[in-house]
Amino acid sequence: VGADTEDIFGDDFYDKLDGVCTALDNVEARLYVDQRVLFYRLPMLESGTLGTKGNTQVVIPNITENYGATRDPPEKSIPVCTLKNFPNQIQHTLQWARDYFEGEFKQSGEDVNSYLSDPDYAEGLQQNSKYEAVVAIRKTLVDERPVSFEDCVVWARLKFETLFNNQIRQLLHNFPEDQVTSSGTKFWSGSKRCPKPVVFDLEDKCEDAQMRNHFDFIVAAANLRAHMFGIKGRTDEEYFVEVLQSVIVPDFAPQEGVKIAANEAEAKESENNTAGGMDESEVDQILSSLPKPGELAGFKLNPIEFDKDLDDHMLFVTACSNLRALNYSIPTEDTHRSRAIAGRIIPAIATTTALVTGLICLELYKIIGTPQKELTIEAYKNGFVNLAIPFMTLSEPTAPATTKAVVKGKEWDWTAWDSLDMNMGDITLQEFIAHFETEYNLDVSMISHGVSILFSFFANKKKLAERMKMKMSEVVENVTKKELPSNQLFLVFELIANDLETDEEVELPYVKFRFR
């Protein structure tokens, strides 16, 4: 169930449901189902577990708030300078490896495809990231573009040298091992671990995880690179040994004047300076040196989305993370443990699941049972448990937040459960606007459907005149350039409208328009 399968799980599917009981494993899916139950005004039983912790939430139309009404605070992120230069835990190196995977195998491919397919690609780039984006495209499309798998292996070997040797030596050039701060303390102390370069050795095996990180990195990186460019990969060790023997690795020479942020404040300052000091003519020069999209007609890269369940992806992330960990003397982890950390996997406990299921069933009886009196919000309970403490509490759900609106001189406190329901068939746009004028005494100035504006007072008068005579479903299809699925019964419209008497804007819920 999701936005991609609404042609299967559409209006006709939800029309037959009396309620929803979820067993989902991520917030995004929960928020999607929450929007569905809000729209169809269905009760929902939501629950989740995290190791010994568990929670249940009961969502009842017009009585309780919906799931998405409140959000957990965002997780604390790892500071950028810690990830880039001063990691001290395996979690830091895994996050760095994941970010590197995202940039090297996904973002770079998407950027190249956007450049090749969009003639106005450069105009759409944000000013502070324009230079980096075009340089990355030139690297991927021109400087480092492989034509054979051997090129991919050479690329992987040079990347190894850059990431785990040269960058570390540059860092030590900027901040030598015996460096002291202005206050007289050692720079490399506390959470800052002094790094050491990793020297490439195909036979090397780390002590902690017993993994051949050097070899694994080359194999995984070369194959991912090959997949991105549509080149057939291979994994036989003899081939890699043979190719790697002939790779010429340039000698490292430290660069002077390279600024490396020592803390978060310096990292932000450096970011601002980069954005401000970009030379537009340099960007234009790089863009003009790129091959024109017409010269590469039909050429397209395959961006790779990271998936922790794919062994090839995890082999790269684990090897990359472990090599980074070896740089900073952090204990390494094997693929299985790295998968758990990278995917934030906490093993499920049957006892917690059983308890949460029991609590959900108690609420289910209240929803599907036949009480002798109408149940109020006090009858329902949300549950919170932690078996490790042990702790368990039940609390009343929160009532939905209200928004005040004045319609036809009367106050209306509406909630997220409310909508303006229209069941008049597939009327024209003109009839739709007239309905709000006569029924609600409102002057409609804008109508939108998703991100598309269907009607606005400032739109082209000729276009508006044409749309006025069209049915609402036809207007939607005409503007969005998409055909409505045969099983779709409703359309959702957002309105901006003013009271005809006071001329004040009236805040309204969405319009739930049944056109079939």
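Source: prediction; values computed, not measured.
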Return a table of donor-acceptor pairs under 3.5 angstrom between the side chains of residues 396-404 and protein atoms on other chains or two or more places apart.
{"from": "K404", "atom 1": "NZ", "to": "E411", "atom 2": "OE1", "distance (Å)": "3.2"}

What heavy-atom pair brings I218 and R157 nearest, and what distance separates the two atoms? CD1-CA, 3.5 Å
Would you find more than 12 non-hydrogen atoms of other residues, nucleotides or ligands less than 6.0 Å from I389 atom CD1? yes
Can any side-chain N or O of R339 pair as donor or acceptor with the backbone N or O of K308 at less than 3.5 Å? yes
More than 12 heavy atoms of other residues, nucleotides or ligands under 6.0 Å from CG of D7: yes or no? yes
What heavy-atom pair brings L224 and I304 nearest, and what distance separates the two atoms? O-CD1, 3.4 Å
Are F217 and F316 close enough that their ring centres sit under 6.0 Å apart? yes
Between E102 and Q107, is there a donor-acceptor pair closer than 3.5 Å when you use the side chain of the first and the backbone of the second? no
Could you tell me if E256 and H173 have a donor-acceptor pair between their side chains, going purely by distance under 3.5 Å? yes
Sub-3.5 Å donor-acceptor pair from the side chain of T332 to the main-chain atoms of A209, do we have one? yes
Would you say N166 and Q170 are linked by a side-chain donor-acceptor pair, where the criterion is simply a distance under 3.5 Å? no
Could you verify whether a donor N or O on one side chain and an acceptor N or O on the other, from T22 and E46, lie under 3.5 Å apart? yes
Would you say R30 and N26 are linked by a side-chain donor-acceptor pair, where the criterion is simply a distance under 3.5 Å? no
Donor-acceptor pair, N113 side chain versus L301 backbone, under 3.5 Å? yes
Please tell me whether Y328 and F86 form a close aromatic pair, meaning their ring centres lie under 6.0 Å apart. no
Which heavy atom of F240 sits nearest to which heavy atom of A222, and what is that distance? CE2-CB, 4.2 Å
Under 3.5 Å: donor-acceptor pair, side chain of H449, backbone of V492: yes
Heavy-atom pair with the smallest gap, counting every atom of E363 and Y380: OE1-CA, 3.6 Å
If you measure only the distance, is there a donor-acceptor pair under 3.5 Å linking the side chains of N382 and S395? no
